[in-house]
Structure formats: C-alpha cells, structure tokens
There are 2 protein chains.
Amino acid sequence: MARVLIVEDEEALGLLLRYNLESEGYEVEVCPRGDDADTRLRESVPDLLILDWMLPGLSGIELCRRLRTRPETERLPIIMLTARGEESERIRGLSTGADDYVVKPFSTAELMARVRAMLRRARPELVSTLLKAGDLELDRETKRCRRSGREVHLGPTEFRLLEFLMQSPGRVFSREQLLDGVWGMDVYVDERTVDVHVGRLRKAINRARERDPIRTVRGSGYAFDDRFATGA
Amino acid sequence: MARVLIVEDEEALGLLLRYNLESEGYEVEVCPRGDDADTRLRESVPDLLILDWMLPGLSGIELCRRLRTRPETERLPIIMLTARGEESERIRGLSTGADDYVVKPFSTAELMARVRAMLRRARPELVSTLLKAGDLELDRETKRCRRSGREVHLGPTEFRLLEFLMQSPGRVFSREQLLDGVWGMDVYVDERTVDVHVGRLRKAINRARERDPIRTVRGSGYAFDDRFATGA
DNA sequence: ATCGAAACGTCAAATTGATGACGGTTCAAC
DNA sequence: GTTGAACCGTCATCAATTTGACGTTTCGAT
C-alpha cells in the first residue's frame, strides 16, 4: 500500500497521525527535523508527504521549495500543515508547491480524507473509494450510501461516523475515540451526542426486519459488526 | 478510443499523465526508456506520442528524429515535454519534428487540452469533442450546450464549470477544488461564488419540470449526478 | 427486581445552501 | 472615445437541513 512520510516536530501530533494513517493501511514514517527529512527523501521517495510549516533544521516551506527543484520529487504530492491565522499563507503555501494545505487544528477525519483524495489523483491504484460490507455500500467519492440497492440519505456527520466504523470492522470504539475521530480532536461536545447520532444512523440504514450492522458494546462503546458481512 | 504512448522516465509523472489520460478515456502505455520505446514503436504505432526531452537509452530528440524518417511514423503526432529554461530548445524541438512542445512544470489541464487539440487535428474521429449525459450535450470545440435539443446559452465560467463536473460524473468536488479546477489554482475568489455560479448554471440548463443534473452534497460540495444519464 | 447504561423523541440553535440585487469590469460595436 | 450588453464577484437575506442537549423511557446484566 501507499507509503507516507510525515515531517512533524511535535511528537504527539506525529504519533497521532502515524497511528491514524497506519490503521487505514498506509506504511508510515515520521521524521521530526526538516534537514533529516531532506536527507531521507534523497534515499527514497514516498507516495505522499505531510509537511509541517514550522520545523527545526529546515522549515517546511524551504524543504518544499527544494523538493520541487529535484526531478524525483518534483511531482511528489505534498500536504502542508500550518497553524491557524494567516489566510495569506495559503497562497504562499500553494505557490511554493504544496498540493494541499491544512490548517491546525484539524480533525483527523479531514486529514485522512485529504490524504485519500490526494493519493487518488497521484496513485489511483493505491486507494479504494468503496467501502463494502454485506449489503451495505459506502462510496466516499460520491458520498453515497446504499443498503441492498436502495439509496440511503445520511447527514454529513452520520456519513463520517459510518465511514469511520466501517474502516475497522469489529473494532470497538469508545465514545471519546469516536468524538476524536469523527468530530475532531478539539471539539467540545457531550459524549451522549454520539448515542444520538448512532441512533439516527441506525434509523437511516435499517429497514423493518433488517439486521443492524452496528453493535452496541455495553460499557465500552460501539463497533461495526464484523460478522455482518457474512450474515452469520 | 485513441491510444497514447508516453515516453517518460520519471515514474511519478508518467503515472500522473497516465491517470489523467485514462480518466479521459484514452488507452495509455508508459515506457520509461527511449530505446525501448523505439522498439515498441516498430511493432505498433499509437495515435499520439508524448515524449520527454531527456531520456535514458535514447534521447527524446533523437527518437523523434528517427521516427520522422520512417514512413509509418512520419506523421505521428508528437508532443515533446521539456524542462523550463532554454527557449532556444523550443526551436530545435519543433524543427526536429515535434508537433507541439510543453514546458515543465505544466498544469495537467493544459496538457490534456493540447492532447485533445492535437488529436482533433490528426484523428478527428477519435476525439470526443462532445460530452454527453442523458439529454445534455456539451461541445467543447464550438463551446455550445444543448438540453434535449434546444440550444442553451452559458457564460464562459458556467461552461467550464459544467465541463469540469461532467468530466467526472458522480464525483463530489469541494468548492475549493472547483475554484482550483475551474477558476484557476491561484485566484483569490470567495468560495460562495461557486454557489452563485452553480445557481446560474442550473437556471440556464433546467426548464420547468426537468431533472437537475447537478447534485448538491451538503457539507461537501457539488457533483454531476452520475445517475442522470440513465434517468434512474 | 434493581440499577446503570443506552435509546428515543423533542426542541432550539447553528450551519449551510439558494437566491435576488448591486456595482464593477471587459469587450465589441459604433 | 463612448456606449451598452454580458459577465463576474460579493453581499444580504431567506429557507432548509443538521446538530447537540435534555428529559424520559426502555433495555440488559446481575
């Protein structure tokens, strides 16, 4: 699968991103310094680069500029991370050669979506757009959901929630994890709200006598039923 | 549909071009070496050749010259890719026999347009100048739009917007992506402007009880309805 | 049967998209 | 050079959808 290099000096953020990307199946490396990243990139070129704006050793913007002058990395997809504030920076970032630009703080879900979108353009053979399980289908590209053929309308949050759960069938997520992964890492929302959205999601995708793909794990959280696909 | 051979040693660029061309319906092959390309071209001749200037094995310029001496490839349309810099090279390139000449880095949209233009001249029967979906027709050459026969007038921006959406039916584009793809990568325009133009576009192409081919995806952006063609 | 957790219905608030109006610009015809 | 039409981008306003919080009811494990 696709290889991603993260250049980020904030250790916690680097780990978080690594964790999320790996759980989506990417092969990830993290590098905390700009100059070291430069060296590493001369040895091997990943499929995508996530680059912090401010870095020790060599700034993200400078590294980006350098990469664009070398033929091996001229077209390397780059996502730039930067602190909130300067909208003007966006122009600078893009004109420096970054392909996309994400403002901190961001939800991991959003970054994952951008990573996927970017890879779809550059390396379409490496990413799948369709999530399937049993008679349930989720198309990330068209943002459509189908249950045994019929079109099901989901609100944005419900869509992201189902997408998130389906990405790791069987795995149980606490409400807190769901809030982090689906809503964003820094939102202040009541944990009960997760229940409400799970309820809405269920109402939307389940008809009369259909099996519920979402499993409630009392005391822990929710999971996408891994036995759902087989109908066991 | 038309067959295109890309001779390009930079793998990422080759993939990018292949992807873009394939998504426009061309049949594509990529070959990283000049000498291998020569061999391959003796076996079968594509409808168009995209040729990098600098290549391992046999340079693009030399390959180009050779092709022009052989009767089967004498008239083969060739687009030459070259690094920024030497304007004098341009002369050499054209006098060597290339039909067009694109300077790296270039926007993929530009290259696609050139490919289309070139093929239209050489093999007009192979290029669909026409985008069709259901009763909607978009003619790129004459810049005309028809809805179930009747002529519909679209402003330039509306035309490009519809063209852009129709090129990837079903796929949802964020306002940002639309601004990048339709307006240009470096324009400073409010995202709401997209809404306004979508509105104008809708008003222009939809009559009384006609189905709207443009789908609004709340929270995400807009898409050309992939189920529009079939009328489902 | 009991107790805590989860589901559900309701409601007010916040987002987000649609639309009509307006001022400015470009461009072609005169 | 002037004039007028076409087109564009922004804004204010309106309408629809979505969202999050509560209070109550139901459910499930012990």
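Proteins get letters first, then strands, A, B, ... in listed order; numbering begins at 1 in each. Side-chain atoms are counted along with the backbone in the values below, which use heavy atoms only and exclude waters and symmetry mates.
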With no hydrogens and no angle check, do the side chains of [X] and [Y] hold a donor and an acceptor under 3.5 Å apart?
{"X": "B:Thr216", "Y": "B:Arg202", "value": "yes"}
{"X": "B:Asn206", "Y": "B:Arg147", "value": "yes"}
{"X": "A:Thr142", "Y": "B:Arg227", "value": "no"}
{"X": "A:Thr129", "Y": "A:Asp139", "value": "yes"}

Base, sugar-phosphate, or nothing: which does [X] touch, judged by heavy atoms less than 4.0 Å apart?
{"X": "B:Phe159", "result": "nothing"}
{"X": "B:Thr193", "result": "base"}
{"X": "B:Arg200", "result": "base"}
{"X": "B:Val198", "result": "nothing"}

So, is [X] near the phosphate of [N], with a side-chain N or O under 4.0 Å from OP1 or OP2?
{"X": "A:Arg192", "N": "C:dA6", "answer": "yes"}
{"X": "A:Trp183", "N": "D:dG20", "answer": "yes"}
{"X": "B:Tyr188", "N": "D:dT10", "answer": "no"}
{"X": "A:Lys203", "N": "C:dA7", "answer": "no"}

Starting at the 5' end of DNA chain D, which residue's closest nucleotide do you reach first, A:Glu158 or A:Arg218?
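Its nearest nucleotide lies further toward 5', so the answer is A:Glu158.
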Nucleotide [N], atom [atom2] - distance to [atom1] of [X] in whole Å:
{"X": "A:Glu191", "N": "C:dA5", "atom1": "CD", "atom2": "P", "result": "12 Å"}
{"X": "A:Asn206", "N": "C:dA7", "atom1": "CG", "atom2": "C1'", "result": "14 Å"}
{"X": "A:His153", "N": "D:dT19", "atom1": "NE2", "atom2": "C1'", "result": "13 Å"}
{"X": "B:Leu178", "N": "D:dG9", "atom1": "CG", "atom2": "C1'", "result": "16 Å"}

